[in-house]
Amino acid sequence: MCTAAGGGAPVDERDTVHIRTMIATAAVALLLTACSGEESAETDAASTASASETSSASEASASESSSSETSASETSAPAGEMEEVEVGESVEDPELGNTVEVTKIVRDFASEDFANIAEDGGEIVLVEIDAKAGDEFSGGVNGPFKLRADGTDSSSTSIVDDELEAAGMTPFDGPSRGEEATGWLAFQVNTRADSYEFVYTRLAAKVIGSDKTFPKEEWTIELP
């Protein structure tokens, strides 16, 4: 037991210890609160920095990807690009008065619907012709038209007509008597060759109301 200065009431030592303990506990609590606040602030700052770095990395990656795609797009050849080669050779059927001129040829036409033809070692060849039908007999100019290579003939086909039209190319439609027509013929070649011959065939025919007949005959044009 202690005696307070000035003759006051005596002070119990246990009360003094209790007061000191309370003060120490409060100080520790304040210290822990301050430390907790500092750790929370540091954690928030670290999270913000991490999010900022992640965002910057994502933006940089997206920018690099976009730049790479743009570069690839600029350097790649346009899809479906093809080379039209001028020919300018013609044949004439003197008996019927028909003429057929081969104006252009396209090798390896890139068909999306029939890509398997090229994959199997063949190709689709396009031939543009300008045909004029004589004005004496009916029937016009309708072929048949063929592509010949190494003794093998490939007949014209309409399987890529839709793709021709999509590419702005008019499929050939034979002209009637006294008319003229220009358009593209397509040929499916199962074994690709170095060069081809274009074959125009006039089938055997008989003039209606007469004994006059025309035998089957064919004309060929060497293609480049």
Side-chain angles (χ1 to χ4, degrees), residues 80-111 113-114 117-118 121-224:
E81 183 178 353
M82 54 191 167
E83 181 183 2
E84 297 181 4
V85 178
E86 299 286 340
V87 181
E89 298 290 337
S90 61
V91 294
E92 181 180 1
D93 178 351
E95 294 182 293
L96 298 185
N98 300 334
T99 61
V100 175
E101 179 186 8
V102 174
T103 55
K104 300 175 184 177
I105 179 176
V106 171
R107 298 286 303 266
D108 298 301
F109 176 66
S111 169
D113 295 335
F114 297 94
I117 294 174
E123 68 170 318
I124 292 179
V125 180
L126 306 181
V127 177
E128 185 186 52
I129 67 172
D130 178 71
K132 298 177 182 178
D135 55 13
E136 184 176 357
F137 303 102
S138 61
V141 182
N142 295 290
F145 304 102
K146 297 179 181 179
L147 214 57
R148 180 173 295 163
D150 302 323
T152 301
D153 290 347
S154 301
S155 298
S156 59
T157 176
S158 61
I159 60 174
V160 295
D161 277 3
D162 289 344
E163 291 184 273
L164 291 180
E165 292 177 347
M169 307 167 80
T170 303
F172 179 75
D173 186 11
S176 300
R177 178 169 58 183
E179 296 180 349
E180 180 177 359
T182 300
W184 290 89
L185 296 167
F187 299 89
Q188 176 185 336
V189 180
N190 293 325
T191 302
R192 194 180 189 282
D194 293 334
S195 61
Y196 300 97
E197 281 184 326
F198 175 79
V199 183
Y200 163 47
T201 303
R202 182 194 70 199
L203 299 177
K206 181 179 184 301
V207 178
I208 298 174
S210 170
D211 293 333
K212 187 174 181 60
T213 60
F214 299 102
K216 176 181 177 180
E217 192 168 346
E218 67 177 31
W219 294 266
T220 62
I221 296 175
E222 295 286 340
L223 300 175

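Small disclaimer: the values here were computed from a predicted structure and weren't measured.
- Using a 4.5 Å heavy-atom threshold, the side chains of Phe198 and Leu185 count as touching.
- Atom CD of residue Glu86 and atom CD of residue Glu128 lie 8.5 Å apart, to the nearest 0.5 angstrom.
- Closest non-hydrogen pair, Ser176 versus Ala133, comes out as O-CB, 3.2 Å.
- For the atom pair Thr201 OG1 and Lys216 NZ, the distance stands at 6.0 Å (nearest 0.5 Å).
- Around the NZ atom of Lys206, the shell of radius 6.0 Å holds more than 12 heavy atoms that belong to other residues, nucleotides or ligands.
- The minimum heavy-atom distance between Gln188 and Thr157, with the atom names listed, is N-CG2, 4.0 Å.
- The local environment of CG in Asp153 is crowded, with over 12 non-hydrogen atoms from other residues, nucleotides or ligands closer than 6.0 Å.
- Minimum heavy-atom separation, Glu136 to Arg177: O-NH1, 3.5 Å.
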Would Val125 and Ile105 count as a side chain to side chain contact (heavy atoms under 4.5 Å, CB included) if you check the C-alpha gap in whole Å, the side-chain angles of each, and the deciding distance to 0.1 Å?
-> CA-CA 7 Å; Val125 180; Ile105 179 176; 3.9 Å; yes
Residue pair Tyr196, Phe187: steps toward the ring pair (Phe, Tyr, Trp, His ring centres under 6.0 Å) verdict | CA-CA 11 Å; Tyr196 300 97; Phe187 299 89; 8.8 Å; no
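- Ring pair Phe214/Phe137 is perpendicular by interplanar angle, where above 60° counts as perpendicular and below 30° as parallel.
- You'll find the side chain of Glu165 reaches within 4.5 Å of the side chain of Pro171, heavy atoms only.
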Could you check Arg192 against Arg107 for side chain to side chain contact (heavy atoms under 4.5 Å, CB included), going step by step and ending with a plain yes or no?
-> CA-CA 10 Å; Arg192 194 180 189 282; Arg107 298 286 303 266; 3.5 Å; yes
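- Other residues, nucleotides and ligands place more than 12 heavy atoms under 6.0 Å from the CG atom of Asp113.
- Between Ala149 and Ser195 the shortest heavy-atom distance is CB-O, 3.8 Å.
- Between Phe114 and Ile124, the closest heavy-atom pair is CB-CD1, 4.3 Å.
- Considering every non-hydrogen atom in both Leu96 and Arg202, the closest pair reads CD1-CD, 3.4 Å.
- In this structure the side chain of Thr152 never reaches within 4.5 angstrom of the side chain of Thr191, judged on heavy atoms.
- Atom CG of Leu126 is separated from atom CG of Leu147 by 10.5 Å, given to the nearest 0.5 angstrom.
- To the nearest 0.5 angstrom, Met169 atom CE is 8.0 Å from Lys104 atom NZ.
- One finds the OG1 atom of Thr99 at 5.5 Å from the NZ atom of Lys132 (value rounded to the nearest 0.5 Å).
- Between atom CD of residue Glu218 and atom CD of residue Glu197 there is a gap of 8.5 Å, rounded to the nearest 0.5 Å.
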Criterion side chain to side chain contact (heavy atoms under 4.5 Å, CB included) on Glu95 and Glu217, from CA distance to verdict = CA-CA 11 Å; Glu95 294 182 293; Glu217 192 168 346; 4.3 Å; yes
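- None of Ile129, Ile221, Asn98, Thr220 except one satisfies the side chain to side chain contact (heavy atoms under 4.5 Å, CB included) rule with Tyr200; the exception is Asn98.
- In this structure the side chain of Leu203 reaches within 4.5 angstrom of the side chain of Pro144, judged on heavy atoms.
- With Glu101 contributing its side chain and Ser90 its backbone, the two residues share no donor-acceptor pair below 3.5 Å.
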